[in-house]
Amino acid sequence: MVRISGKITSCGKLALWQRACSLLVGATASLPRRRSVAKSNATITAMEQGREWQLGLVLFHSIAKNQINPDVISFTAALNCCGRGRQWHLALEFYEAMLRERVKPNSYVFNTMISMFEKVRKWQHALAFFTEMASRQVQPDVFSFNSSISAFEKAAQWWLALSWFDTMSPHEVQPNVVTYNASISALEKGSQWQRGIQLFKAMQMCHVSPDIVSYCAAITSFGKGGEWQQVLLLHDEMSKRRVVPNMLSFNATISAVDKGGQWQLGLCFFNSIAQNKLQRDVISFTAALTCCGRGQQWQLALHFFGAMPRARVEPNAYTFNVIISMFEKVGAWHHSLSFFTGMASRQIQPDVFSFNSSISSFEKAAQWSLALSWFDAMSEKVQPDVYSFNSTISACEKGSQWQQGISLFEAMTKHKVGGFALSQDLYNPDHPCIY
DNA sequence: CTAGGGTTAG
């Protein structure tokens, strides 16, 4: 008799869920119950890893129908399916069902829940499950801490991330490279990049070797601070330590040196992606286009944009936003407009960035009626923010449409848009609309 | 059965 669950598990790792399914179906139904649960669990996981999370859930339900009680591993696998499908409400129901059926949740269950809440950006829920874990006498392990820190990182809750980090030793859990990486990112996202760099240095003192993800986090941190020279030093250090850069680290580098004003250097790093025989993705191109924007190199930007189909890379909303904003900067409003309309023809939904950058470019060119019509179109799709109002009001002012400007201003204060961050124009004592 | 990284304007 072959160990079928092992085979199914390897199918999952290779994302061969169809094969996993047929192995399961092909197996005889006369296996001992314990073995068949293991088999089903392996299949659920295989489906989840093959991104067929719905099928995994279907299989989970079929276990119960075949009078086999799902065990804690079945529930964990099902929870992972929920996580993959971002179905956190459903996951909560599974958790409740599990308690009802007297299946004791273990650390895997809690870690899976915490990780799911990280994915759906619900850090309070992640925290609640971390606490729930303690109340059910399950000791948190390195996965619990790391997943929680990541959940806090996504929400820029750097203080919580650090306090979790500090709680690890009292719990006798050793931080590992993932702990450091998540914490460095949390500090960077919380605008504490210097602290993040301190942690990056501290990990080496604690004999945890930085890997490519650590370097990525450090590069992004230095980028936040505009420290582009330090980014170059990190690249030297990486090659000395034989940490191989990948597409993600190059993408981070392009953006980091660009933020330090070194847009040409950013473009060099963009070129090195292909030189290193690595794939470029939409983020690589978008980062390169951002460099072009900073350097006001719009012809070059059009060249990169034109090169995307050949690299089989589809632009997304970020890509278009960068281009629209670049044309705003160089004062080419008709180009902003044509890229904005280009989004629709590619079924890309314009977001608040797309609208605001377009309105700004119309405002700069005193195209008040375009600005107004964009503002109106925007209001039907996305929530205008303080900048949307400011640019549109400013456009009205430039076009001597002061009545329109005033009514927008009133609408803005009525809806409490942007709190106290009001338009400079409206505070200008020379402004005819208000004074 | 469980954990980490990269892209956008004013």
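Every chain is numbered from 1 and lettered A, B, ... according to where its sequence line falls, protein lines coming before strand lines.
- For the pair K189(A) and dG6(B), the criterion of a side-chain N or O lying under 4.0 Å from OP1 or OP2 is met.
- For the side chain to side chain donor-acceptor pair (under 3.5 Å) condition, the pairs that include at least one residue of residues 210-223 of chain A, sequence neighbours left out, are N181(A)-D211(A), N181(A)-S214(A), D211(A)-S214(A), Y215(A)-E237(A).
- Taking atom CD1 of residue I359(A) and atom P of nucleotide dT8(B), one finds them 21 Å apart after rounding to whole Å.
- If you check residues 115-129 of chain A against DNA chain B, the residues with a heavy atom closer than 4.0 Å are S115(A), E118(A), listed by number.
- Proximity of Q279(A) to the phosphate of dG6(B): no side-chain N or O atom is located under 4.0 Å from OP1 or OP2.
- Judged by atom type and distance alone, D385(A) reaches the base of dG10(B) through a side-chain donor-acceptor pair under 3.5 Å.
- Residue-level contact check: N41(A) touches neither bases nor backbone, having no heavy atom under 4.0 Å from any strand.
- Distance from the side chain of N80(A) is smallest for dT2(B) among the nucleotides dT2(B), dG6(B), dG10(B).
- With no hydrogens or angles considered, a side-chain donor-acceptor pair links S74(A) and N41(A) at under 3.5 Å.
- Residue contacts shown for S147(A) are limited to sugar-phosphate atoms, with no base heavy atom under 4.0 Å away.
- Distance, M326(A) CE to dG10(B) P: 13 Å, rounded to whole Å.
- Taking the six-membered ring where the residue is Trp, the centroids of F389(A) and F375(A) are separated by under 6.0 Å.
- With hydrogens and angles left out, the side chain of D211(A) and the base of dG5(B) share no donor-acceptor pair within 3.5 Å.
- Within residues 215-227 of chain A, the residues approaching DNA chain B are C216(A), T220(A), by heavy-atom distance under 4.0 Å.
- Using a 4.0 Å heavy-atom distance criterion, V177(A) is classed as a base contact.
- Residue F353(A) has its side chain nearest to dA9(B) when only dA9(B), dT2(B), dG6(B) are considered.
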Side-chain donor-acceptor contacts of residues 128-139 of chain A below 3.5 Å, not counting sequence neighbours, with atom names and distances?
residue, atom, partner, partner atom, Å
T131(A), OG1, L127(A), O, 2.8
E132(A), OE2, Y95(A), OH, 2.6
E132(A), OE2, R136(A), NE, 2.9
S135(A), OG, E132(A), O, 2.8
R136(A), NE, Y95(A), OH, 3.3

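- Of the possible polar contacts, one joining the S338(A) side chain to the H335(A) backbone as a donor-acceptor pair under 3.5 Å is found.
- Contacts with DNA chain B (heavy atom under 4.0 Å) in residues 284-294 of chain A: T286(A), T290(A), listed by number.
- You'll find that the side chain of T45(A) is closest to dC1(B), out of dG5(B), dT8(B), dC1(B).
- Aromatic pair F250(A)/F270(A): ring centres not closer than 6.0 Å.
- Side chain of I73(A), nearest nucleotide from dT2(B), dT8(B), dC1(B): dC1(B).
- A 4.5 Å side-chain heavy-atom check between V352(A) and M378(A) finds at least one atom pair inside the cut-off.
- The side chain of L248(A) lies closest to dG5(B) when the candidates are dA3(B), dG5(B), dT8(B).
- Computed from coordinates, the I114(A) CD1 to dA3(B) P distance equals 12 Å when rounded to whole Å.
- Proximity of E153(A) to W123(A): side-chain heavy atoms (C-beta onward) are nowhere separated by under 4.5 Å.
- The distance between the ring centers of F339(A) and F327(A) falls below 6.0 angstrom.
- Contact annotation: K154(A) side-chain N/O to dG5(B) OP1/OP2 distance is under 4.0 Å.
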How far apart are the C-alpha atoms of F353(A) and Y387(A), what are their side-chain angles, what is the distance that settles it, and do they pass the ring-ring contact (aromatic ring centres under 6.0 Å, His included) test? CA-CA 10 Å; F353(A) 280 81; Y387(A) 296 105; 10.0 Å; no
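- The aromatic rings of F75(A) and F94(A) sit perpendicular to each other, their planes meeting at more than 60°, with 30° as the lower class boundary.
- With rounding to whole Å, Y180(A) atom OH is found 18 Å from dG5(B) atom P.
- In the set dC1(B), dT8(B), dG5(B), dT8(B) carries the atom at the smallest distance from any side-chain atom of D351(A).
- As rounded to whole Å, 13 Å separates atom C1' of dT7(B) from atom CD of E188(A).
- Here dT7(B) is the nucleotide among dT2(B), dT7(B), dG5(B) with the atom lying nearest to any side-chain atom of S255(A).
- Scored by the side chain to side chain contact (heavy atoms under 4.5 Å, CB included) test, V282(A) finds T286(A), M308(A), V313(A), N316(A), T319(A) as partners (sequence neighbours excluded).
- Nearest nucleotide to the N251(A) side chain, out of dT7(B), dG10(B), dG6(B): dG6(B).
- At the heavy-atom level, M247(A) lies under 4.0 Å from base atoms of the strands shown.
- I212(A) comes within 4.0 angstrom of a nucleotide base, judged by non-hydrogen atoms across all strands.
- Residues H235(A) and F269(A) bring their aromatic ring centres within 6.0 Å.
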